[in-house]
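Worth knowing before you read on, the calculation uses all heavy atoms, side chains too, and leaves out hydrogens, waters and symmetry mates.
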Amino acid sequence: MDKTSIINRDKNKYLHSLNEEQRQAVCSVDGPVLVLAGAGTGKTKVLVSRICHLLNNNHAKPWEILAVTFTNKASKEMNNRVSNLVGQAVEGIWLGTFHSIGVKILRSNAELIGLKNNFTIIDTDDQTRVLKQLIKSNNIDDKRWPARSLSYIINKWKDMGLLPDEVPPESISNFAQGKSIDLYKDYNSLLKVQNAADFGDLILHCISLFKNNPDVLRDYQKKFKYILVDEYQDTNQAQHKWLKFLAMGSKNVCCVGDDDQSIYGWRGAEVGNILSFERDFPGAKIIRLEKNYRSQPHILKAASELIKNNKGRLGKTLWTDQENGDPIIISSHLDGSEEARSVVENCEIISKNNNLNEIAILVRAGYQTREFEDRFLTVNIPYRVIGGPRFYERREIRDAIAYLRVISQPNDGIAFERIINVPKRGLGQTTIKSIYELSKKNNESLITSAQNILLTEMIRPQAKSSLGKLLENFNRWISLRDQTNVRELLEIVLDESGYTDMWQKDKSIEAPGRLDNLMELADTLENFENLTDFLDHVSLVMENEKNESSQMINIMTLHAAKGLEFDHIFLPGWEEGLFPNQRSLDENGTLALEEERRLGHVGITRARRTVRISFAHSRRSFGEWQNSIPSRFIDELPDENISFIEDNKNFDNNFFQDNDFNQDINFDFDQSYQSTKKIPHIMKNIFIGSKINHDKYGIGYVIKINYEKLDIIFEDHGKKTIISDYVEIIND
DNA sequence: TTGATCGATTTTTTT
DNA sequence: AATCGATCAA
């Protein structure tokens with residue numbers, strides 16, 4: 001054996017830990033490859049090994065590799081694992097989320113799509129506020145046509161990769177009598193004026209850039225010799241277009257995904273992208289990974305049987321050679337807090353012999369975490385909420401950042417408006433409105449108009465002097481921008497603007513916490529070279545990571561759990577209406593039901609050793625008690641893999657005395673568990689869409705049914721919530 | 001312009 | 001239940 005082959009074998013030693021299919025996926029470097037990788041089959045391992053393989057065998061230099069993920073968490077994970085495997089070489093790899101890569105491309109080519117390279121990235125909150133302004137200034141009733149709906153519509157178009165004049169007529173909704181397209185146009189030009197881009201733009205602008213500048217596109221195509229895409233099932237149409245542009249150069253594109261884990265349909269994700277991979281990239285090699293290395297057989301079997309109820313899947317058969325393990329335990333509970341009590345009790349038992357980090361509670365909706373938090377706090381068990389209320393979304397942090405945004409990019413009127421009167425400086429609605437009018441008239445940025453309005457008589461002298469002072473401050477801060485380090489700059493700004501002072505004087509309980517958060521923000525700033533880098537981080541990452549190392553039980557949504565694994569998983573709240581989520585079902589019918597089911601599949605397959613599913617018979621929502629029945633998904637789990645226990649030891653008469661129930665409750669546990677086939681949302685033959693008459697409000701249509709309470713849109717009175725006894729059904 | 005009070009609305013998931 | 005927003009008095 002000659003010397004080189006020994007070196008080669010050594011340098012490729014990571015290949016030995018791969019199974020046959022995984023090795024194929026790693027070594028088929030040239031041409032398009034689609035890896036269909038079921039849960040726990042070593043998807044990330046394949047991606048990481050592939051990058052390693054490309055580098056080790058000199059197929060590409062780091063900067064010739066583009067690796068795109070969907071979430072920040074995934075990109076962080078990938079980054080860590082690649083650095084572990086290949087060492088320093090990671091530095092040059094273009095590894096990040098679609099959005100962060102998009103930003104990187106746009107910052108270097110901003111002028112070509114009409115932005116300056118220091119453009120601001122606005123988030124959903126800013127977006128809604130801008131749209132609200134826009135709706136109002138078009139004299140549209142923002143009560144009837146809320147900004148949130150418009151933002152939903154526009155984001156949908158952007159997710160589909162459609163510019164205003166590309167939206168097909170049939171998909172123009174009736175928002176404000178069909179004005180949605182004009183508003184979309186106005187909104188886009190408003191962003192341009194402010195030198196700002198929203199999340200959708202980060203992809204969409206790239207597409208326009210590639211489309212209109214073939215030379216730029218060619219450079220990127222040449223640059224990226226190898227492209228890897230994680231969670232391909234989650235890409236939306238815009239991202240798909242984006243990817244096709246870049247991949248059409250080398251055609252060395254490797255997409256990894258699992259149609260059974262597609263859970264972002266509501267964000268425009270297209271499972272179709274994965275189905276049409278062969279059409280997009282002819283000659284594609286398709287590799288299936290079906291050996292599961294994570295879960296024990298009962299768990300894997302239950303998850304597989306559940307997902308089999310979905311139609312329209314590519315179909316995979318996951319298998320494992322592990323020991324049988326424990327069946328999934330399903331328990332019923334009186335109400336949400338009983339459920340939380342039981343879950344936490346079981347966490348305690350498990351934690352006697354296990355690491356807290358290996359336990360996770362996965363919920364359908366963010367607000368469900370609260371009950372568990374309360375319980376953990378009372379019994380004093382450390383926990384962390386992953387993806388919970390985000391650091392950068394806190395009020396004080398957003399305010400502070402708004403100051404920095406104006407300093408970084410004075411055209412950012414969205415940020416300027418946020419803090420123009422925070423802390424209060426006597427610049428209220430009237431003043432802001434005047435500035436707005438002037439900026440609209442002269443088609444200039446808000447802050448320019450604020451400067452100019454000082455030369456007019458449009459606002460009162462008091463307001464004038466206060467505004468003048470603020471602008472003077474900003475000018476000074478801007479002049480400090482490039483010579484002061486970012487942390488120092490923030491401290492100066494918070495101090496001189498009176499912002500810190502405002503919270504120090506505030507006597508509310510949360511004020512000290514807010515001041516702490518501002519300190520923490522200042523600390524975070526130490527890690528950034530310049531303001532733009534920091535602001536990008538804030539808008540794209542949102543998370544301020546910490547607590548990674550200490551021992552804590554994890555609480556998160558099912559969505560946030562994707563890509564993670566734990567020994568022990570709790571899945572509470574498996575009730576009709578909550579999971580599957582009724583609202584989602586109302587909006588998207590069968591499609592949504594299948595997505596909910598995939599969510600259940602994701603939840604179960606996170607577990608290595610045990611899964612406990614639970615549901616409550618009664619739960620409080622919107623401050624009212626609601627009875628519920630177990631999720632249909634429980635029925636879909638095979639009997640031989642589950643074990644049902646009634647956890648109702650606290651069930652006694654005190655319960656009824658302690659709670660202010662006036663209504664009849666006929667709890668019959670066996671009965672209610674058996675009779676899960678029917679869903680009690682239909683009363684008196686009223687359905688979503690039913691036409692009804694009301695004595696006072698006249699004709700209307702039912703849009704939501706919540707037991708006896710109906711949400712109705714009346715032809716002449718807008719939306720009202722009415723008890724079903726007071727309406728009369730009209731059949732015509 | 002500000003602060004208080006009342007009423008409406010909220011809870012799906014994320015870049 | 002808790003938050004947000006509109007409305008109104010000071």
Residue list, salt bridge (Lys or Arg N to Asp or Glu O under 4.0 Å) with A/Arg313, at least two apart or on another chain: A/Asp260
A/Phe372 ring center near A/Phe570 ring center (under 6.0 Å):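 That pair fails the under 6.0 Å test.
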Near-ring test A/Trp574/A/Phe615, centroid separation under 6.0 angstrom: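 Judged by ring-centre distance (under 6.0 Å), A/Phe615 and A/Trp574 do not meet the cut-off.
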Nearest-nucleotide 5' precedence on DNA chain C, A/Lys143 against A/Gly623: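 With A/Lys143 and A/Gly623 compared, the 5'-side residue is A/Gly623.
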Phosphate contact ([N] OP1 or OP2) by [X] side-chain N/O below 4.0 Å:
X	N	value
A/Asn155	B/dT15	no
A/Ser539	B/dT15	no
A/Lys424	B/dG3	yes

Residue A/Trp266, side-chain atoms from C-beta onward, closest of B/dT15, B/dT13, B/dT1: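 Between B/dT15, B/dT13, B/dT1, the one nearest the side chain of A/Trp266 would be B/dT13.
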Nearest-neighbour nucleotide for the A/Arg460 side chain, B/dT1, B/dT15, B/dT2 considered: B/dT1
Base B/dT13 to side chain A/Arg364, donor-acceptor N/O within 3.5 Å cut-off: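 When only heavy-atom distances are counted, A/Arg364 does reach the base of B/dT13 through a donor-acceptor pair under 3.5 Å.
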A/Phe622 CZ - B/dG7 C1' separation (whole Å):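 That distance rounds to 16 Å.
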Contacts of A/Asp198 that satisfy side-chain hydrogen bond (donor to acceptor under 3.5 Å, both in side chains) - sequence neighbours left out: A/Gln127, A/Lys158, A/Tyr187
Touch class at under 4.0 angstrom, heavy-atom based, for A/Asp123 against every strand present: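 If one applies the 4.0 Å heavy-atom cut-off, A/Asp123 turns out to touch nothing in the nucleic acid.
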Position toward the 5' end of DNA chain B (nearest nucleotide), A/Asn581 or A/Glu393: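 Checking each residue's closest nucleotide, the 5'-ward one belongs to A/Asn581.
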5′-ward residue of the pair A/Leu599/A/Gly426 relative to DNA chain B: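 This one resolves to A/Gly426.
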Minimum side-chain heavy-atom gap A/Val229-A/Gln239 below 4.5 Å: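 Side chain of A/Val229 against side chain of A/Gln239, heavy atoms only: no contact under 4.5 Å found.
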Leading and trailing nucleotides of DNA chain C with any atom under 4.0 Å from heavy atoms of chain A: C/dA1 to C/dA6
